[in-house]
There are 2 protein chains.
Amino acid sequence: MKVGQAMVSAGASILHEGGRAAHLFTVLRGWAFRYKTLPDGRRQILNILLPGDLVGLQAEIATPVPHSVEALTEVELCAFGEDALWTLYRDHPELALDVTWLSANEERIVDEALVSTGRRTALERVAALLVYLYKRASVAGLVQSGTAPLPLTQSHLADTLGLSLVHTNRTLQRLRKGGFIRLEEGRLAIGDLTTLSRVAAYWEAVPSNRPLL
Amino acid sequence: MKVGQAMVSAGASILHEGGRAAHLFTVLRGWAFRYKTLPDGRRQILNILLPGDLVGLQAEIATPVPHSVEALTEVELCAFGEDALWTLYRDHPELALDVTWLSANEERIVDEALVSTGRRTALERVAALLVYLYKRASVAGLVQSGTAPLPLTQSHLADTLGLSLVHTNRTLQRLRKGGFIRLEEGRLAIGDLTTLSRVAAYWEAVPSNRPLL
DNA sequence: CGCCCGTTTGAAACAAATCAAGTCTCGTGG
DNA sequence: CCACGAGACTTGATTTGTTTCAAACGGGCG
């Protein structure tokens with residue numbers, strides 16, 4: 001099914017909202033993010049993409065493409081062909097089920113983000129996001145000696161959280177001064193996951209059995 | 001695949017967050033909503049469900065069930081069997097693709113809600129939600145003489161929008177006094193969809209070719 | 001060296017939440 | 001038949017969380 005491999009550098013655009021055709025990808029390496037913008041430029045980041053995530057499934061089924069995707073680090077992508085999805089569904093139902101699993105799982109993640117922006121206070125939101133990112137980095141095998149890479153600027157965090165940059169900064173400091181987290185050299189360390197989860201009013205189970213694809 | 005039909009009355013619970021087993025349904029008639037709650041009771045409504053929507057796909061792939069579903073009106077459901085999903089994927093790849101379409105489409109909807117709660121002002125949010133609900137009612141064939149049914153209380157709207165009840169009420173009034181909408185007897189009339197969409201900073205294409213299922 | 005980007009800080013302005021009542025409708029029971 | 005209570009909606013006053021504005025700091029890089 002694979003038709004090619006692509007390499008994009010940090011900051012580059014992978015998918016553009018409003019565009020027409022679009023490939024289906026999976027992330028093999030690196031970090032990216034999905035986002036939408038309003039007419040006047042306000043940006044909302046919808047989710048962070050890590051290795052194993054699908055890119056462009058929504059674009060396959062809807063034109064124009066409903067959201068943009070941008071690389072946070074250098075990203076390695078695996079590209080699928082035009083009608084790869086249909087071929088897959090016809091010939092490999094068990095893999096098709098995996099695709100659905102991934103899709104439903106992504107929705108679960110956005111659901112949780114919606115709960116954050118809708119009902120959590122700034123402190124809870126930031127805490128929840130950091131817990132989430134730490135866990136994701138962890139299952140991706142990126143946690144080393146208790147720290148996870150965090151290739152997002154505070155501006156990215158703000159646009160993920162639906163907060164202003166300034167307030168995100170202040171809230172982050174509250175968490176640091178409270179001893180809940182450490183942030184240095186682009187890496188995140190969490191004092192105690194359970195404690196921080198409680199701060200976040202967060203009670204999400206770990207994403208269970210992700211298919212390999 | 002169908003194993004039964006269920007009828008639930010307004011206000012009844014269809015799916016409960018944290019539960020174990022759960023059936024897969026589709027809505028045949030009526031309105032329902034998907035939501036999550038925080039430990040202290042704050043509620044965020046994730047999406048409104050209308051005829052044609054799947055219920056419990058996420059529950060099929062994740063235990064415990066990640067969200068609750070409650071009926072807004074009397075709801076008629078079509079229930080599928082235990083391993084209906086797998087059977088479907090194995091024997092009817094084209095229908096499997098439809099399921100994926102529905103799943104990806106639902107995510108698109110939640111994405112848009114996330115943009116609202118994250119980046120839109122209260123006025124924009126309310127306008128966007130009303131436009132969205134009107135359009136959905138419209139494609140479901142529920143619009144009559146320019147008015148759509150709106151079986152949600154202001155409390156539901158508030159929990160969908162991530163706003164307080166009081167502020168939702170005041171914002172609704174602004175839209176009414178501005179002549180953008182009319183609200184009477186549980187039905188919604190929109191003066192001009194394009195105008196209201198502009199108020200909402202909303203530029204979403206209509207959900208295109210929904211499969212029948 | 002000077003510039004750009006990301007981060008930090010302070011002060012002022014504002015949007016939205018909260019608190020507290022009050023109205024209206026509708027269904028229920030005395 | 002009417003008093004009662006519950007639920008939905010409305011209103012005003014006040015407080016607070018968050019944004020906006022403005023500026024400064026530090027590091028990396030050409």
Side-chain angles (χ1 to χ4, degrees), chain A residues 9-12 31 33 38 40-45 70 72-73 116-130 149-177 181-188 199 201, chain B residues 9-12 33 38 40-45 70-73 116-130 149-177 181-188 199 201:
Chain A
S9 49
W31 297 56
F33 65 99
L38 294 180
D40 65 356
R42 279 170 287 177
R43 177 177 72 171
Q44 177 64 42
I45 295 183
E70 189 179 314
L72 278 168
T73 65
S116 275
T117 58
R119 286 300 179 218
R120 278 194 250 252
T121 67
L123 189 72
E124 290 169 340
R125 270 186 236 192
V126 174
L129 178 59
L130 294 181
L150 195 72
L152 318 206
T153 66
Q154 293 189 1
S155 187
H156 289 124
L157 293 177
D159 284 349
T160 309
L161 297 162
L163 294 173
S164 72
L165 171 57
V166 175
H167 200 226
T168 301
N169 178 290
R170 290 195 230 267
T171 309
L172 238 16
Q173 287 180 52
R174 275 218 276 161
L175 285 176
R176 275 191 292 189
K177 284 167 188 162
I181 60 164
R182 264 167 308 126
L183 234 30
E184 42 202 23
E185 299 158 25
R187 297 191 71 90
L188 162 70
V199 171
Chain B
S9 49
F33 65 99
L38 293 180
D40 64 357
R42 280 171 286 177
R43 176 178 73 169
Q44 176 65 42
I45 295 183
E70 189 178 313
L72 278 168
T73 64
S116 275
T117 57
R119 286 300 179 221
R120 278 195 250 253
T121 65
L123 189 72
E124 291 168 340
R125 269 185 236 189
V126 175
L129 178 58
L130 294 181
L150 195 71
L152 317 207
T153 66
Q154 293 189 2
S155 187
H156 289 124
L157 293 176
D159 283 350
T160 308
L161 296 161
L163 295 173
S164 71
L165 171 58
V166 174
H167 200 224
T168 301
N169 177 290
R170 290 197 229 268
T171 308
L172 237 18
Q173 286 180 54
R174 276 218 276 160
L175 286 175
R176 274 192 292 188
K177 285 167 188 163
I181 60 165
R182 263 168 308 126
L183 233 32
E184 42 202 25
E185 299 158 26
R187 298 189 71 90
L188 162 70
V199 171

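Source: prediction; values computed, not measured.
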message: Counting only heavy atoms and a strict 4.0 angstrom limit, can you tell me which residues of residues 150-161 of chain B come near DNA chain C?
response: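 The stretch gives none, as no residue of it lies under 4.0 Å from the strand.
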
Restricting to side chain to side chain donor-acceptor pair (under 3.5 Å), what partner residues turn up for [X], sequence neighbours left out?
| X | result |
| --- | --- |
| B:Arg125 | none |
| A:Thr73 | none |
| A:Glu70 | none |
| B:Thr121 | B:Glu124 |

task: Considering only heavy atoms of chain B and a distance under 4.0 Å, specify the first and last nucleotide of DNA chain C in 5' to 3' order that meet this criterion.
output: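 Result: C:dA16 to C:dC19.
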
- request: Indicate the atoms forming the closest heavy-atom contact of A:His167 with A:Ala122, along with that distance.
  value: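 Reported closest heavy-atom pair: CE1-CB, 3.5 Å.
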
query: What pair of heavy atoms forms the shortest contact from B:Leu161 to B:Thr117, and how long is it?
result: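 Residues B:Leu161 and B:Thr117, closest heavy atoms: O-CG2, 3.5 Å.
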
- request: Tell me, yes or no, whether the heavy-atom count around B:Glu185 atom CD, taken from other residues, nucleotides or ligands under 6.0 Å, exceeds 12.
  value: no

- request: List the steps and the verdict of side chain to side chain contact (heavy atoms under 4.5 Å, CB included) for B:Leu172 and B:Thr168.
  value: CA-CA 6 Å; B:Leu172 237 18; B:Thr168 301; 4.2 Å; yes

- request: Start with the C-alpha distance between B:Leu175 and B:Leu183, add both sets of side-chain angles, then the distance that settles side chain to side chain contact (heavy atoms under 4.5 Å, CB included), and finish with yes or no.
  value: CA-CA 10 Å; B:Leu175 286 175; B:Leu183 233 32; over 6 Å; no

query: Between A:Leu172 and A:Arg119, who's closer to the 5' end of DNA chain C by nearest nucleotide?
result: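 This one resolves to A:Leu172.
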
- prompt: Using a heavy-atom cut-off of 4.0 Å to chain A, what are the terminal contacting nucleotides of DNA chain D, in 5' to 3' order?
  reply: D:dT18 to D:dC21

field: A:Ala12: partners by side-chain contact (heavy atoms from CB on, under 4.5 Å), with sequence neighbours left out
entry: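 Applying side-chain contact (heavy atoms from CB on, under 4.5 Å) to A:Ala12 gives A:Val8, A:Ser9.
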
query: Looking at residues at least two apart in the chain, or sitting in another chain, which of them share a side-chain contact (heavy atoms from CB on, under 4.5 Å) with B:Arg174?
result: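 With neighbours one apart ignored, the set is B:Leu123.
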
message: Going by salt bridge (charged side-chain N to carboxylate O under 4.0 Å, His left out), name the pairs with one or both residues in residues 149-173 of chain B, residues two or more places apart or in two chains.
response: A:Arg119-B:Asp159, B:Arg43-B:Asp159

NA contact type, [X], heavy-atom cut-off 4.0 Å: base, sugar-phosphate, or nothing?
| X | value |
| --- | --- |
| B:Arg174 | nothing |
| A:Leu163 | sugar-phosphate |
| B:Gly186 | nothing |

task: Note down the inter-axis angle between the two ends of the helix from C:dC1-D:dG30 to C:dA21-D:dT10, five pairs each, to the nearest 10°.
output: 30°

query: At what distance, to the nearest 0.5 angstrom, does CG of A:Leu188 lie from CZ of A:Arg182?
result: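 One finds 9.5 Å between CG of A:Leu188 and CZ of A:Arg182.
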
